[in-house]
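Written below as structure tokens is the structure these notes are about.
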Amino acid sequence: MEAPLLHLALVGTPNSGKTSLFNALTGSRQKVANYPGVTVERKEGFFVTPLGRQVSVVDLPGTYSLRGRSPDEEITRDFVLGKASGETVPDLVLCVADSTNLRLTIRLLLELKRTGRPMILVLNMFDIASRRGITVDVERLAKELGVPVVTSIAVRKSGTADLLALTDEISAKLAAEPRENSWRALSVAELRATQREADRIIADCVSLPARPDTWTARIDAVVLHPVGGLIVLAAILFVMFQAVFAWAQPLMDLLNNGFDALGEFVHATLPAGLLQSFLQNGVISGVGSVIVFLPQIIIIFLFILLLEDFGYMARAAFLMDRIMGGAGLHGRAFIPLLSSFACAIPGIMATRVIDNKRDRLTTILIAPLMTCSARIPVYTLIISAFIPARDVWGFINLQGLVMFGLYAAGITSALLVSFLIKFFMLRDYAPAPFMLELPDYKMPRLKSIAIGVYTRAKMFLHRAGTTIFSMMVLIWFLASFPQPPAGATEPAIDFSLAAIIGKALEPLLAPVGFNWQIAVALIPGMAAREVAVAALGTVYAIEGGKEAAEQIGQVLATKWSLATAMSMLAWYIFAPQCASTLAVIRRETGSWTWMAVTFFYMLVLAYAASLLTYNVAVALGAG
Amino acid sequence: MTDTNDTRSRIPLGLAQRGYIGVIQHLSAGDAGSALSDIELESRLIELGFVEGARVEVLHEGLVGRDPIAVRVDNITIAIRRREAMAIIVA
Ligand SMILES: Nc1nc2c(ncn2[C@@H]2O[C@H](COP(=O)(O)OP(=O)(O)OP(=O)(O)O)[C@@H](O)[C@H]2O)c(=O)[nH]1
Ligand SMILES: [Mg+2]
């Protein structure tokens, strides 16, 4: 008879290595979803123990206690207590500790014990502890705590062998008797008493030589220096954006040429007609023009994941806390806002680490102003078509500089909006506290970075294959039908639905210098911002008629004035249209109002910025 | 609490300069003027290891108003604003 699935849950303080352990145990057998009702990522994975027991394991958000101060911590509490709706109570809780820093975890463990769930204490990062000369009397610790204890090294091969063996041993004798749950929120006095108890146990079982991590101290001396630290932060961001431009280029050229060749091939093999046009203009040039940006998206996620794994993100929050405080933001908002450079959706989801409601709301409202990677295609396309690729001051690439300027404009407007929110809406508001552990620096692990980049790239390609593809089909259809009457002399697209819709919108957008082709492209951009590029490609390719599709950048350079191009860049700094972001805002704030507020304030800003840019550019003779 | 350190005057950690080393004497959340309730602030401080007898050292200060501060508490480092650190009385 098959034993039933064993349910494990990983609980522990932040940065104790839960996710690394989760990856080590499950490899690629992971399922990522959301908890019902809240957008907290729910990661479940599966594995088989050495003795053949089927196991499911859930990675829970890090927490210092079961009090549940933020949505994140509530999930952990409800899950462990078996209160989470639709979840099985874990059969066995793995309490994961950073072995170099046991105080807080042992306190948490003493609290967890009251829930009555069977538990194992996992002394993770044991390699680092050993290197620092920390020794733990594991047997004694287990006896004092009344909980089995095992050491582990999540990032090393077979570093989890002992844990697996222990899991087998324990699961074999897990009693089915009902468990007594005596947990309730601890009073201050009880908290203090548990911490005392934890400190006593540690003093008895662990020897801590006074050998702190000298590397972390040395790096922090520079990185947390009041002035030097900010310079380092600015330099990191600058390198990141230059890299997105410079390093990705060769790969993007390669992809571009590949899609061009494929288009040519289709053009040459298939007879002229609807099918040929659909494949070449709709599918290949449309979806292709988005996939080309994969290298840039990989690079930006690579940077963010590296900084996260290294332990730099908490430092950035420390450096930025008061500076952002001036604009009414919490230091912790820095991390969600930085992730929003990749995509506002994970960024908005990451705001759940902010426990104050108002701070969280402000951050959510401005997160979409951070230049997300979906804008990169639009920026890149326009910049490379209109801005010469020369060096200024000898070493800085002008195109990279413009890109940096666009990012800077996004950040500035975010700070401005946040300042206005604070000034007008949340006046009577005392700043929420900022308390954050600054973890020791860790060498980023190739494997976890690879898993991270891979999942993001997969998500992007999945989007290209579904949302973007279907939008492209729609655009191609709108641009191709109805077909021109026989004997018509104007380009075929002038008779299409796309032209009709675009021309209807044109009067609205004419003041900002947008033509009807742009108006058409902005609509499917609602589904995904980067589709605008593909849509422009399709519209101009169909309009261009039978000649082999030129590179879209060259087409734009001949069809648009510089003023229109600048205006389009200004529009995309704000770019209100992204349906998924709006949906996440609705879900996270639980209100349609805040979603509508976001959409309209961004729309107004986009229109105003474009109007200003266009008119100034025209006045300067760029019309 | 225990008076181990009579020779040094007690100050709130929120007033300590970079390089200050001391031992936590007691917590006094009412003095901090934090947005949190006293109980909540005290609970959070304890959860981060700020308990009586812990050794603290101010490692770093921010640029604006020398705030926030990075404090070594036994063997971990915590970033905290001076306002909340006012609740931690050290000597
Ligand atoms: N040397 C060493 N590094 C580890 C070990 N386990 C985790 N790490 C590193 O510790 C850092 C944090 O690990 P994570 O797995 O992200 O920690 P987490 O507990 O999931 O953190 P949160 O989700 O923020 O609560 C990463 O840089 C890991 O590479 C270990 O056993 N040994
Ligand atoms: Mg994690």
Side-chain angles (χ1 to χ4, degrees), chain A residues 13 63-65 67 69 98 100-104 107-108 111 132 134 185-188 191-192 194-196 198-199 202 208 210 212-213 216-217 220-221 223-227 229-230 314-315 317-323 325-326 331 355-356 429-440, chain B residues 1-2 13-14 17-19 21 24 26-30 32-55 57-88:
Chain A
T13 57
T63 182
Y64 292 104
S65 77
R67 286 189 304 129
R69 306 172 315 212
D98 169 353
T100 63
N101 167 20
L102 287 173
R103 288 186 75 205
L104 307 185
R107 217 215 85 250
L108 174 67
E111 188 178 349
R132 290 205 203 138
I134 298 172
L186 299 186
S187 72
V188 173
L191 259 181
R192 207 177 245 119
T194 4
Q195 185 64 61
R196 285 259 162 70
D199 286 344
I202 291 171
L208 291 165
D213 183 10
T216 296
D220 273 346
V223 161
L224 290 185
H225 184 274
V227 182
L230 288 172
R315 268 82 184 174
F318 174 84
L319 290 169
M320 295 303 293
D321 180 55
R322 277 300 290 267
I323 295 169
D355 38 59
N356 180 286
Y429 160 63
F434 172 76
M435 297 183 206
L436 189 64
E437 189 177 337
L438 302 178
D440 287 343
Chain B
M1 290 293 125
T2 46
L13 185 62
Q17 302 275 317
R18 216 188 95 166
I21 299 179
I24 299 181
H26 62 103
L27 299 183
S28 165
S34 166
L36 296 178
S37 74
D38 293 357
I39 291 180
E40 178 64 25
L41 177 60
E42 199 168 337
S43 306
R44 287 203 202 182
L45 289 173
I46 296 171
E47 280 167 17
L48 289 175
F50 290 100
V51 288
E52 288 74 8
R55 177 190 172 278
E57 176 178 357
V58 180
L59 295 178
H60 305 280
E61 295 170 328
L63 178 65
V64 184
R66 300 170 160 257
D67 195 29
I69 48 176
V71 187
R72 192 84 185 159
V73 192
D74 280 345
N75 57 352
I76 58 170
T77 310
I78 305 282
I80 183 172
R81 283 201 203 125
R82 287 191 180 271
R83 183 193 286 266
E84 276 75 34
M86 291 304 280
I88 305 163

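Atom set for the values below is all heavy atoms of this structure, side chains included, hydrogens, waters and symmetry mates excluded. Naming: A, B, ... by sequence-line order, numbering from 1 per chain.
The shortest heavy-atom contact between B/Leu63 and A/Pro226 is CB-O, 3.7 Å. The heavy-atom pair separating A/Gly331 from B/Arg81 by the smallest distance is N-NH2, 4.3 Å. Residues A/Phe434 and B/Pro68 approach most closely at CE2-CG, 4.0 Å, considering heavy atoms.
Note on A/Arg322 versus B/Glu61: no salt bridge recorded, every NZ/NE/NH1/NH2 to OD/OE distance being 4.0 Å or above.
Expressed to the nearest 0.5 Å, how far CG of A/Leu104 lies from CD1 of B/Ile78 amounts to 6.5 Å. Note that the CG atom of B/Asp67 and the CG atom of A/Asp321 stand 7.0 Å from one another [nearest 0.5 Å].
Other residues, nucleotides and ligands contribute over 12 non-hydrogen atoms within 6.0 Å of the CD1 atom of B/Ile21.
For B/Arg66, no part sits under 4.5 Å from any heavy atom of chain A, backbone or side chain. Using a 4.5 Å cut-off between heavy atoms, A/Glu437 contacts chain B through both its backbone and its side chain. Within the 4.5 angstrom heavy-atom criterion, no atom of A/Leu102 approaches chain B. Only the side chain of A/Arg67 comes within less than 4.5 Å of a heavy atom in chain B; its backbone stays farther off. Heavy atoms closer than 4.5 Å to chain A are found in the side chain of B/Ile76, but not in its backbone.
Using a 4.5 Å heavy-atom threshold, the side chains of A/Arg103 and B/Val51 count as touching. Within the 4.5 Å cutoff, the side chain of B/Leu45 has heavy atoms near those of the A/Met435 side chain. Annotation: side chain of A/Asp220 is not in contact with side chain of B/Leu59 (no heavy-atom distance under 4.5 Å). In this structure, A/Thr100 and B/Asn75 have side chains that are not in contact, with every pair of non-hydrogen atoms separated by 4.5 Å or more. Inter-residue side-chain proximity for B/His60 and A/Leu438 is flagged as unmet; no heavy-atom pair is nearer than 4.5 Å.
Most heavy-atom pairs under 4.5 Å with chain A, from the set B/Leu27, B/Val73, B/Ile69: that is B/Ile69. With respect to chain A, the highest number of heavy-atom pairs below 4.5 Å among B/Glu40, B/Glu47, B/Glu42, B/Arg18 belongs to B/Glu47. If you tally non-hydrogen atom pairs under 4.5 Å between each of A/Ser65, A/Ala198, A/Gly325 and chain B, the highest count goes to A/Ser65.
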